[in-house]
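Please read the structure below before turning to the comments.
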Amino acid sequence: MSQHLSEQELVRRESLTKLRALGINPYPQALYPVNTLSRDITENFVEGKKVIIAGRLMARRIQGNASFAEIQDSEGRVQVYFKRDEICEGEDKTLYNEVYKKLLDNGDFIGVEGELFTTQVGEKSIRVKKFILLSKSLKPLPLPKIDSEGNVHDAFSDPELRYRRRYVDLVVNEHVKATFIKRSKIITSMRNFLNSKGYLEVETPILQAIPGGAAARPFITHHNALDIPLYLRIANELYLKRLIVGGFDGVYEFAKDFRNEGMDRTHNPEFTQMEIYVSYKDYHWMMDFTEEMLETICNEVLGTTTVKIGNNEVSFKRPFKRISMIDAIKEHTGIDIVDMDQIQLRETCKKLNVAFDDSMGKGKLIDELFGEKCEANYIQPTFITDYPKEMSPLCKEHRDNPELTERFELMVNGKELANAYTELNDPIDQKERFEEQARLAEKGDDEAMFIDMDFVRALEYGMPPTSGMGIGIDRLCMFLTNNSSIQEVLFFPQMKPEKKALELSEAEKTILTLMKATPKMELGALKNATRLSGKQFDTGMKGLSKHGLIKVEVNDEAKFCVLQA
RNA sequence: GAUUUGGUAGCUCAGUCGGUAGAGCAUAUCCCUUUUAAGGAUAGGGUCCUGGGUUCGAAUCCCAGCCAGAUCACCA
């Protein structure tokens, strides 16, 4: 691919050479003493103030000996005014006529020294006294423009290109940059909240010998020195709980987790989760805590608890609705399943058109009913509590009902945002639940959990009563930035590898072989000799011409194909 | 994984019945001293996603593939 440059790329490379010939280094070493950002100029404008700014040249409107340009820095854009005779005080006007007008391009980084003034049209601008090229750009940026009515022209909008070249997306699409700034603020706000409560931010292994804490297919890799398989973590739960065993009152981690599963608009192979464990608490406390945390983040980052998500308006103002899974099913289907056995549950599923199979036990059936009939209805933040036991092998049995667990999921806009337990701390029960998972794995459930005997050993030393919660950071960012796909809140979402540049095609090779034997041939004869179809011959010829390997010459009545040296 | 839509210039997109590839912006050259998506004139710029097929002839029709989007399924 690298051999073919577009006309615009060639022009910029020529400009580079010309700049060097003029003694201008297009990539200077020295720092540039920036003292002002574009936002300072627009927000705290002082007529005549001297400023030094730097950024990318993003637009130029040249009017003979005067010109308006726009410089974009990290905070936005500002207009700068170049006047030939101010930049070139003497007779030599090269700096304006050649360097500025011809050798600079959109996308170049320049530094500008000048003073603030207001144009006749009222635009706050900088009158340039001196400018310097800081870095030359060799590829043209897409240049979306917004007209006076707010319509975007030539938007850089193709998702494939935007995700693969996120750097371009960020330069050109202000709203994309804003999304990622908001993401950073959300994480900072959450971290501040957790720290303010006195909890300790920790780091636990990403490479794990036993991937635990969730039901998911892991990525596997290999450690050479130890000669063992290692897995990329699917959750950090089991390590954080070991730390509670070790005596910390509250630990949390912002964790990249990795799951070797499908990719779509809500799933990326690596994603971010915040997990927190606090000793001497239960899941009721954790609901209060989660509410407070989310309300705080909304107020800090958005300045409001009302958030627009798609067509819905969602309020993160406390308190959130709380409802048990069984009551939720009753609410949305009118059916009370509280005393049903497995057979009755299957009949209920059949009646409600909920798909199930024979391997599903009671818990799975209830979960299926909830997922199909209820989940999507919870637009406003709602805690769904008390999940069936077999779905939750790390969660403590419910204090009032041994078939349930003390677990909640927080639903927002019909999707799961957070998941929490009163943590199971009975080591014997934990070991039995792991063994049950192992039996499921043997039956072919590829999401069943591995048995982590060291974790059981840790529990045997004793873990205080603890509540833990995990919240999907990517999903939270999607909600708070009103994006419906995870790719929009990840800088570099996973993509399939880009296609490699093509070698010569078979048709091209055939033609080239013939041409090497006979460097000049009449076209018709060449085509016959290749025995290619019309289309194959045509594309082959086009391809070779493109590569500069052959040339077609026309004299009088005949066309000849000539091999190029 | 299923269904579906799309892939044409640096960017955004047209392209009729199968008959030499189009526009705007961007770029280049020339003119122009206060403009605001776009000053004027002229010019250059194409692997029409890839491969095969049908055809005298394919961006266009057919088949296969690649990539992406959307919807659905799956997802502690």
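A note on names: the letters A, B, ... follow the listed sequences, proteins ahead of strands, and every chain is numbered from 1.
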Integer-rounded Å distance: B:rU36 P and A:L143 CG: 18 Å

Heavy-atom pair with the smallest gap, counting every atom of A:Q8 and A:P140: OE1-CB, 3.5 Å

C1' spacing across the pair B:rA14 / B:rU3, given as an integer number of angstrom: 28 Å

Sorted by number, the residues of residues 75-86 of chain A with heavy-atom contact under 4.0 Å to RNA chain B: A:Q79, A:Y81, A:K83

A:E89 atom CD, over 12 foreign heavy atoms within 6.0 Å: no

Touch class at under 4.0 angstrom, heavy-atom based, for A:E14 against every strand present: nothing

At a cut-off of 3.5 Å, list every protein nitrogen or oxygen paired with a nitrogen or oxygen from nucleotides 71-73 of chain B, distance to 0.1 Å.
| residue | atom | partner | partner atom | Å |
| --- | --- | --- | --- | --- |
| B:rU71 | OP2 | A:R265 | NE | 3.3 |
| B:rA73 | N6 | A:D264 | OD2 | 3.1 |

Complement of B:rA64, any strand, by Watson-Crick or G-U distances under 3.5 angstrom: B:rU50

Watson-Crick/G-U partner (both atom distances under 3.5 Å) of B:rU3: B:rA70

For atom CZ of A:R162 and atom P of B:rC67, their distance in whole Å: 20 Å

A:R162: side chain to side chain donor-acceptor pair (under 3.5 Å) partners, not counting sequence neighbours: A:D169, A:E488

Rounded distance in Å between the C1' positions of B:rU55 and B:rG18: 9 Å

Rounded distance in Å between the C1' positions of B:rU12 and B:rC72: 30 Å

Rounded distance in Å - CD (A:E9) to C1' (B:rG10): 8 Å

Which atom of A:Y387 lies closest to which atom of A:E409, heavy atoms considered: OH-CB, 3.0 Å

Minimum heavy-atom distance A:M495-A:R164, with the two atoms named: CB-NH1, 3.7 Å

Step-by-step side chain to side chain contact (heavy atoms under 4.5 Å, CB included) determination, A:L417 to A:I471: CA-CA 6 Å; A:L417 176 60; A:I471 181 167; 4.1 Å; yes

Side chain to side chain donor-acceptor pair (under 3.5 Å) involving A:K124 - partner list, sequence neighbours excluded: none

Smallest separation among heavy atoms of A:T290 and A:L410, with atom names: CG2-CD2, 4.1 Å

Got a list of protein N/O to nucleotides 37-41 of chain B N/O distances below 3.5 Å?
| residue | atom | partner | partner atom | Å |
| --- | --- | --- | --- | --- |
| B:rA37 | O4' | A:I146 | O | 2.8 |

Backbone N/O of A:P493 and side chain of A:R166: donor-acceptor pair under 3.5 Å: no

Minimum-distance nucleotide (side-chain atoms of A:D154 versus B:rC75, B:rU27, B:rC25): B:rC25

Heavy-atom closest pair, residues A:E115 and A:G48: CB-O, 3.7 Å

Rounded distance in Å - CG (A:L138) to P (B:rU27): 15 Å

Side chain of A:A66 (C-beta onward), nearest among B:rA28, B:rU33, B:rG69: B:rU33

Within 6.0 Å of CD in A:E174, more than 12 heavy atoms from elsewhere: no

Pairing partner (Watson-Crick or G-U wobble, both distances under 3.5 angstrom) of B:rG57: none

Nearest-angstrom distance, P atom, B:rG53 to B:rC13: 33 Å

A:N106 side-chain N/O to B:rU27 phosphate OP1/OP2 under 4.0 Å: yes

Between B:rU60 and B:rG44 - C1' atom distance, rounded Å: 27 Å

Pairing partner of B:rA38 (Watson-Crick or G-U wobble, both distances under 3.5 Å): none

Ring-face cation contact, A:Y100 with A:R84, 6.0 Å cut, 45° max: no

Distance-only donor-acceptor test (3.5 Å): side chain A:D158, base B:rG7: no

Stepwise side chain to side chain contact (heavy atoms under 4.5 Å, CB included) test for A:F68 and A:R60: CA-CA 6 Å; A:F68 290 92; A:R60 278 187 299 173; over 6 Å; no

From A:Q437, A:R433, A:K241, residue fulfilling side chain to side chain contact (heavy atoms under 4.5 Å, CB included) relative to A:L394: A:K241

Nucleotide forming a Watson-Crick or wobble pair with B:rC25, both distances under 3.5 Å: B:rG10

Nucleic acid contacts of residues 117-124 of chain A, taken as heavy-atom distances under 4.0 Å to RNA chain B: A:F117, A:T119, A:Q120, A:V121, A:E123

Spacing of the P atoms in B:rC25 and B:rA70 (rounded, Å): 31 Å

Presence of A:K102 side-chain N/O under 4.0 Å of B:rC30 phosphate oxygens OP1/OP2: yes

Whole-Å P distance, B:rG57 and B:rG1: 38 Å

Over 12 foreign heavy atoms within 6.0 Å of NZ, A:K101: yes

Sugar-phosphate, base or nothing in reach of A:S157, heavy atoms under 4.0 Å: sugar-phosphate

Minimum-distance nucleotide to A:E160 side chain [options: B:rA68, B:rC11, B:rU33]: B:rA68

Nearest-angstrom distance from the residue atom CZ of A:R165 to P of B:rC67: 17 Å

Mutual orientation of the aromatic rings belonging to A:F370 and A:Y378 [parallel < 30°, tilted 30-60°, perpendicular > 60°]: parallel

Gap in Å between the two C1' atoms, one belonging to B:rA26 and one to B:rA9, rounded: 10 Å

A:N97 CG - B:rU29 P separation (whole Å): 12 Å

Separation of atom CG in A:D474 from atom P in B:rC75, rounded to whole Å: 20 Å

